[in-house]
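Below is one structure, written out as structure tokens; the observations come after it.
Ligands are counted one by one from 1 in listed order, and the atoms in each one are counted from 1 as well.
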Amino acid sequence: MSIPLQHLTVLGSTGSVGLSTLDVVARHPERYRVHALSAHSQLDKLVEQCLQHRPRYAVLADPARLPVLRERLQSAGLAEVETLAGLEALEYIASHPDIDTVMAAIVGSAGMRPTLAAARAGKRVLLANKETLVMAGRLFMDAVREGGATLLPIDSEHNAIYQCLPQPFSNGAAQGVQRILLTASGGPFRGFSPAQLAAVTPEQAVKHPNWSMGRKISVDSASLMNKGLEVIEARWLFDLPPDRISVVVHPQSVVHSMVEYIDGSVLAQLGNPDMRTPIAYGLAWPERIDAGVSTLDLFQIARLDFEQPDTDCFPCLDLAFEALRLGGAAPAVLNAANEEVVGAFLDGKAGFVDIAKVNAATMRQVAVDFDANSLESLTAADAAARRFAASWLARSGH
Ligand code: NAD
Ligand code: MG
């Protein structure tokens with residue numbers, strides 16, 4: 001029996017998840033055809049990907065860079081690749097009638113509208129861009145339902161949970177799910193004292209012990225904000241209240257997460273820390289395909305450790321639970337503040353410990369008065385949070 005070809009758009013194809021996606025896709029040319037690629041700044045990488053995958057569209061976020069892209073594609077002999085730019089172009093390739101599947105791998109809130117467009121158009125949405133769910137969880141899940149989309153989580157923890165849940169999954173409590181246990185590596189600063197944390201640099205923060213990822217999510221992993229964003233992501237993906245979501249520090253990053261059932265069973269998904277596993281799962285679901293990932297060697301791993309998270313040193317995790325309690329636009333505000341302060345930290349304009357301070361101050365100050373059921377209002381909340389965070393940093397002498 002021949003396998004129907006899946007036509008793909010990869011949003012954020014030049015990033016860490018984008019590269020891993022194209023790696024899996026290239027292993028299965030009989031299954032996948034790349035229809036559109038999108039990038040932000042790395043034009044050379046985008047042109048190289050166009051040479052390999054021959055998409056119909058190459059799309060940039062910033063229209064000002066379009067002439068350079070056109071010229072480079074022409075000189076690479078790729079004049080037939082259509083070039084587009086801007087948010088509407090990203091929405092266009094995410095909802096194009098000729099595609100089946102969208103890999104949503106843009107980093108940050110910039111990914112929200114294109115991901116929403118894919119959901120509304122009823123695509124198979126491979127969701128890496130967790131910020132979409134953090135900002136607009138309810139709106140996004142409604143769009144998935146109303147658009148008839150198939151949503152497959154790519155974040156390794158949520159992918160693991162998805163694999164451990166009863167299928168079809170509809171209602172956790174009715175299906176015997178007691179709790180989900182999100183695992184966290186603890187990041188590069190696990191066990192650090194507050195004094196040590198005050199002195200850490202961006203270079204140290206982006207060196208994750210187990211995973212190779214983009215810079216923003218690496219800093220989020222170091223501050224535990226990433227785990228906080230994942231708690232919010234899990235709340236929406238699996239429709240569970242926050243008191244049924246727990247975080248377990250597991251430094252080896254081999255158990256990618258677990259589901260605890262009322263009968264005492266705990267199901268876990270294990271594997272090497274390589275995003276190609278969840279990506280291949282999302283691409284092929286409900287089938288399984290080779291992801292190019294080496295087999296787990298349990299004898300080499302030898303032991304698995306589990307600890308409580310240190311929320312005194314890493315308060316961002318608790319901030320996420322607080323955002324869920326506050327409800328409304330609080331998660332969107334927290335997310336925007338975090339994007340601002342992490343950007344400042346990476347640029348050497350804020351200290352590592354400022355991340356939690358800015359996030360807390362912004363969420364408590366800005367989160368009221370915004371309606372979480374309107375995209376315009378969420379966008380306004382995002383902008384207000386960024387302004388507040390920037391002024392906090394300016395006031396504190398950064
Ligand atoms: P990355 O920084 O490596 O790549 C980001 C991609 O987004 C790049 O292709 C970049 O060109 C594009 N981009 C950046 N800013 C943009 C903008 N303003 N408009 C349009 N495109 C823009 O990031 P990543 O590590 O691949 O992460 C991507 C997403 O996946 C994030 O939301 C992250 O939280 C999530 N995620 C990543 C991993 C991982 O292992 N890297 C794991 C789980 C979840
Ligand atoms: Mg994750």
Side-chain angles (χ1 to χ4, degrees), residues 9-23 36-46 48-49 58-65 69 84-91 93-94 102-115 125-135 152-162 182-187 206 208 210-221 224-234 237 247 250 253 255-257 269 271-279 282 293 335 338-339 342-343 346 382:
T9 284
V10 183
L11 299 170
S13 65
T14 53
S16 168
V17 172
L19 290 175
S20 294
T21 304
L22 292 179
D23 180 280
L37 296 172
S38 96
H40 189 42
S41 54
Q42 300 186 69
L43 298 197
D44 288 339
K45 211 180 256 182
L46 180 61
E48 198 184 295
Q49 294 179 338
V59 179
L60 292 179
D62 178 6
R65 313 199 63 199
L69 176 64
L84 302 168
L87 192 54
E88 277 177 23
L90 291 170
E91 290 175 330
I93 58 164
V102 175
M103 165 53 81
I106 290 175
V107 60
S109 59
M112 183 183 71
R113 281 178 189 260
T115 308
V125 182
L126 310 188
L127 187 72
N129 177 256
K130 63 190 84 186
E131 294 89 348
T132 292
L133 270 180
V134 174
M135 277 189 80
L152 292 158
I154 299 302
D155 211 346
S156 57
E157 296 77 1
H158 305 75
N159 187 269
I161 290 161
Y162 190 91
L182 285 176
T183 51
S185 70
V206 299
H208 196 278
N210 306 328
W211 294 92
S212 155
M213 309 183 285
R215 285 162 68 78
K216 190 258 177 187
I217 183 177
S218 297
V219 176
D220 288 348
S221 299
L224 287 201
M225 190 69 255
N226 182 52
K227 211 48 56 183
L229 299 178
E230 291 183 355
V231 167
I232 301 173
E233 186 184 8
L237 276 174
V247 173
H250 164 50
S253 297
V255 175
H256 295 309
S257 278
Q269 185 259 355
N272 284 317
D274 187 321
M275 286 304 290
R276 291 177 300 174
T277 296
I279 290 167
V293 177
N335 178 64
N338 184 59
E339 286 187 24
V342 169
L346 284 169
D382 176 281

Which residues satisfy the side-chain hydrogen bond (donor to acceptor under 3.5 Å, both in side chains) test with N159, sequence neighbours excluded? Q163

Which is the closest N/O/S atom of E157 when seen from the Mg ion (ligand 2)? OE1

Those residues at least two apart in sequence (or on a different chain) that pass side chain to side chain contact (heavy atoms under 4.5 Å, CB included) with A110 are I106

Sorted by chain and number, the residues that approach ligand 1 to under 4.0 Å with a heavy atom: G12, S13, T14, G15, S16, V17, A39, H40, A61, A105, I106, V107, A110, A128, N129, K130, E131, D155, M213, G214, I217, M275

Can you confirm whether K216 sits close enough to E131 that some side-chain heavy atom of one is under 4.5 Å from a side-chain heavy atom of the other? yes

Atom of D155 closest to the Mg ion (ligand 2), considering N, O or S atoms: OD1

Are side-chain heavy atoms of M275 and W211 found at a separation under 4.5 Å? yes

Flag the pair V59 / L90 as yes when at least one side-chain heavy-atom distance between them is below 4.5 Å, and no otherwise. yes

Any non-hydrogen side-chain atom of L46 less than 4.5 Å from a side-chain atom of S13? yes

Partner set under salt bridge (charged side-chain N to carboxylate O under 4.0 Å, His left out) for E339, not counting sequence neighbours: R386

Closest E230 atom to the Mg ion (ligand 2) [N, O or S only]: OE2

